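Excluded from the calculations below are hydrogen atoms, water molecules and symmetry mates; all remaining heavy atoms, backbone and side chain alike, are included. Sequence lines set the chain letters: A, B, ... in the order given, protein chains first and strands last, and positions in each chain run from 1. All figures in this text were calculated on a predicted structure; none of them were measured in a lab.
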Amino acid sequence: ETIGIPLLAQAVEKMRSGNVNIDPGFDGEFGKVKLFSDSERKRAKAHTPKLFTSEPAAKPKPGSAHKKKETAPPSSMTDPVSSKGNPELPPTPLTEDKGLIEGLNNEQKRAVLSDAARIIIQAGPGTGKTRTLTARAAYLVSENKTRPERILVMTFTHKAAREVEHRIKNQLPDIDSQVVTGTFHGFCLSLLQEFSDHPISIAEETARKALIRQAAALVGNRTGSVIPKPWVKAIDTAISLCKQSLLTPEDAPETQMPDDFKKNISSDRGSEGPGLDHPGKDTFLSVWTCYEEICKQLGLLDFDALIEKTIHMFKTRPDIAQTIQNRFDHILIDEYQDINKGQYVLTRMISETSNLLVIGDPDQSIYGFRGSDKKYFDLFTREHPDAEHYSLRQNYRSTQTILDASFQMITQKNKASGKEAIFSDLKSGRNLIIQETASEKAEAVAVGKAIERYIGGTSFFSMDANRVDAGGGPETDIEFSFSDFAVLYRTKKQCQAFIKAFENHGIPFQTADKENILALKGISEWIGLLRLAANRAGFLEIERLLDFFKAGLGTKGKLAFRQWFLSQDMTSAPDLLTRLEHLDIKGLRPSVQVRISAVAAELKTMITNVGKETLKDTLIELARESGIERLILEHQNSKDTFNRLLVLGDTPGMTLEGLLDRLALDQDPDQMDEGSEKVTLMTMHASKGLEFPVVFITGCEQGFIPYTRNAQEPENIDEERRLFYVAMTRAKQILCLTYAKKRPIFGIEKKQSKSVFLKDIEEKLKQYAKTAPLKKANQPAARQMELFG
DNA sequence: TTCAAAGAAGTTTTT
DNA sequence: CTTCTTTGAA
Ligand SMILES: Nc1ncnc2c1ncn2[C@@H]1O[C@H](COP(=O)(O)OP(=O)(O)OP(=O)(O)O)[C@@H](O)[C@H]1O
């Protein structure tokens, strides 16, 4: 953080003199612009006085100002012993134990040093909750209060897990930190794997959807009707909600359903009919039961089942429960306001005999749609009346202006809201910039231009009075680098416009959230093949591969084949393929059987070479030989993802199994390289816990913020408001809210009006930017010259 | 059973 | 504007 600015001054110099390395990157990927070579960075780093939060001196990372995601050694959760320290890292002398505590305010210190068995920290954004949590973990280790592997830190997202892991490592540079860090789901998966005799297969999003469709079709067949698609979707959501609340199809009819459930399923029987948009409870229960049967048959667990089964395991095997309870002395949970029933029960079980610290902010609760509920947060104090309660008041992240605006928004200027405002010492700073643009495209261009202007800094455009659009006048005297910017939006779809505009403008960027990679053409087949090679293939993978090779299985054939497959006992991949070669199923045409046997033979030769070469080569080889590569190359998205996965596969120490493990839970193939000089594009949800000097919240329009489905009333306006609050409070210095007057929805342009949330912010905190006339997009090369020339 | 063409329907957020 | 489903023909 400290070196960001001096380095940048140099960067601007370099850009001007044209002394910039351009790394072309992969075919089709946007080239990276490197201002400093790694060694330059290293040297600069070495001169930097080491602060509380600073990174180990030798780590070749540039000092970008936003929080960082750890480049992934295999998760310490699944592989607690193998994460060896980077050999290049000379052991830095241990920061004097006091050093950990410095840089904390009194309240934070007390929470870090506390001996209480139950601690809760409730505090607003940017008040240093996460910092306190990581400091406590580091303190416990460095003071020898416990061993690192006896500390468990749980988060709700992978991003958060990596962030916490990274921060703890930074605070314990010389200790090969083995603090166990991960998401609830990751933790549960590793436990289930540890205590189960067979490998666990996960039905991720895509597979799950397909299975529920199958179940719905089956139930439809049975009752001689067709379950309409919207119903299937409603049932899908309802199943997930129920499972998160630890309900089963057997007890569900008798139990009070979760609140959101009612939105999806009409509760009174007999009220369903073809015209209604909600299926009835009977249909719901039949499909759910059927879905669970299919999962059981195929040996699959969906995400929700990971938590559920772990709890089940603890209940039925008290010995295992005890082992786990004994394994950890300290359990620390970040963003506790996001907890749902299942996670709550799990937490209670594992923390029975250990110390527990939870931190959170009910105003930042944004995961109601996946069953989280403030009530579990409140329950903590009631269940542990002796818990120590800390609240932090000072925000160290944002300017007072940003805090004021966000506070007005969340309280709707209601003085009597009972909420306590937090304050910042950072001098009030500039107003929020509000920008209206003509269209989605114009919005993206405006943001791009604003970034160019900030990067250019004062000296660059300050003389140019005509340049006023998003970001307003260049009166700032701070210079920024690309990694200082975040562009936030409500839905993933919205990032398309920005990707295009940024490519045209020569602005390097990275997108934090991808569409589900297993939904991409070619990728799912490829991963299926990889699973086969790793002995991890189940019915779904084989079926997918047979489809790809056009084995000729129709509806009936599939059924027969499935029956045969399920009658087989578990076996290794080569053995399974041998059986497929000598297949003899009645009810399957001989021509099909011949084809399957040929495919199986081919697959067998393909997978025999696995492990002989480097992982990356193996990955490429398998794609190429199978012909899946051709399919992948036909689709741009698949191609990009393919390349990203190859990069992931090329990380040191990565194994095929490790790759598949990681992909099973976290399907984002990117490592979100924080070192790179790139603008970050992500959803508002994904931004939680992060911070950036400059934040653009885009698409501030009714229908998006708050989000509403087909112009109806917003489903949960309070949660939408909190989400906007989270997004606003990511900004350190400059916050820019943009909206477009029209936007294409379903292909047709629709008039948009600005978000009602903006009205809750006082005028005197806002300033309005004019839109510069939209010029035709230039060639990327030309734009790059303009930017750097 | 596969392929092509035409038509209908559908856009949150995450593990 | 896409993605899935239905329909009809080879
Ligand atoms: N005592 C302190 N002195 C100086 N800076 C601090 C202090 N505490 C926290 N910070 C800084 O404030 C910023 C926000 O801290 P942190 O991310 O821990 O807050 P948080 O409460 O977890 O926020 P959020 O709820 O938004 O995730 C970080 O940049 C952190 O380094």
Over how many whole Å does the gap from [X] atom [atom1] to [N] atom [atom2] extend?
X: Tyr707(A); N: dT13(B); atom1: OH; atom2: C1'; value: 10 Å
X: Asp661(A); N: dT15(B); atom1: CG; atom2: P; value: 17 Å
X: Asp547(A); N: dC3(B); atom1: CG; atom2: C1'; value: 15 Å
X: Asp338(A); N: dT14(B); atom1: CG; atom2: P; value: 12 Å
X: Lys493(A); N: dT2(C); atom1: NZ; atom2: C1'; value: 8 Å
X: Asn340(A); N: dT14(B); atom1: CG; atom2: P; value: 16 Å
X: Leu191(A); N: dT15(B); atom1: CG; atom2: P; value: 19 Å
X: Arg722(A); N: dT13(B); atom1: CZ; atom2: C1'; value: 13 Å

Report all interatomic pairs (protein N or O, nucleotide N or O of nucleotides 8-10 of chain B) with separations under 3.5 Å.
none

I'd like to know if [X] and [Y] make a salt bridge, using a cut-off of under 4.0 Å between side-chain N and carboxylate O.
X: Arg722(A); Y: Glu719(A); result: yes
X: Lys558(A); Y: Asp547(A); result: yes
X: Glu205(A); Y: Lys209(A); result: yes

Inset, instruction - For nucleotides dC4(C) and dT13(B), find the distance between their C1' atoms and express it as a whole number of Å. - result: 23 Å
Legend entry - P atoms of dT5(C) and dT12(B), separation to the nearest Å: 16 Å
Inset, instruction - Could you check whether Glu204(A) gets within reach of a base, just the sugar-phosphate, or nothing at all, counting any heavy atom under 4.0 Å? - result: nothing
Inset, instruction - Could you tell me whether Phe704(A) contacts a base, only the sugar-phosphate backbone, or nothing, with contacts defined as non-hydrogen atoms closer than 4.0 Å? - result: nothing
Legend entry - Residue whose nearest DNA chain B nucleotide is more 5′ - Lys558(A) or Ile745(A): Lys558(A)
Legend entry - Quiz item: Arg490(A) side-chain donor-acceptor pair to dT13(B) base, under 3.5 Å: yes
Legend entry - N/O (side chain, Lys688(A)) to phosphate O (OP1/OP2, dT14(B)) under 4.0 Å: no
Inset, instruction - Please check the phosphate of dT12(B) (OP1 and OP2 only) for any side-chain N or O of Thr683(A) closer than 4.0 Å. - result: no
Legend entry - Result of checking Arg743(A), Lys751(A), Lys754(A) against Glu701(A) for salt bridge (Lys or Arg N to Asp or Glu O under 4.0 Å): Arg743(A)
Inset, instruction - Output all residues satisfying side chain to side chain donor-acceptor pair (under 3.5 Å) with Lys129(A), sequence neighbours left out; order by chain, then residue number. - result: none
Inset, instruction - State which residues pass side-chain contact (heavy atoms from CB on, under 4.5 Å) with Ala664(A); sequence neighbours excluded, sorted by chain then number. - result: Ile202(A)
Legend entry - Sub-6.0 Å ring centroid separation between Trp564(A) and Phe561(A): yes
Inset, instruction - Would you check if Phe156(A) stacks with the base of dT15(B), given a 5.5 Å centroid limit and a 30° plane limit, both strict? - result: no
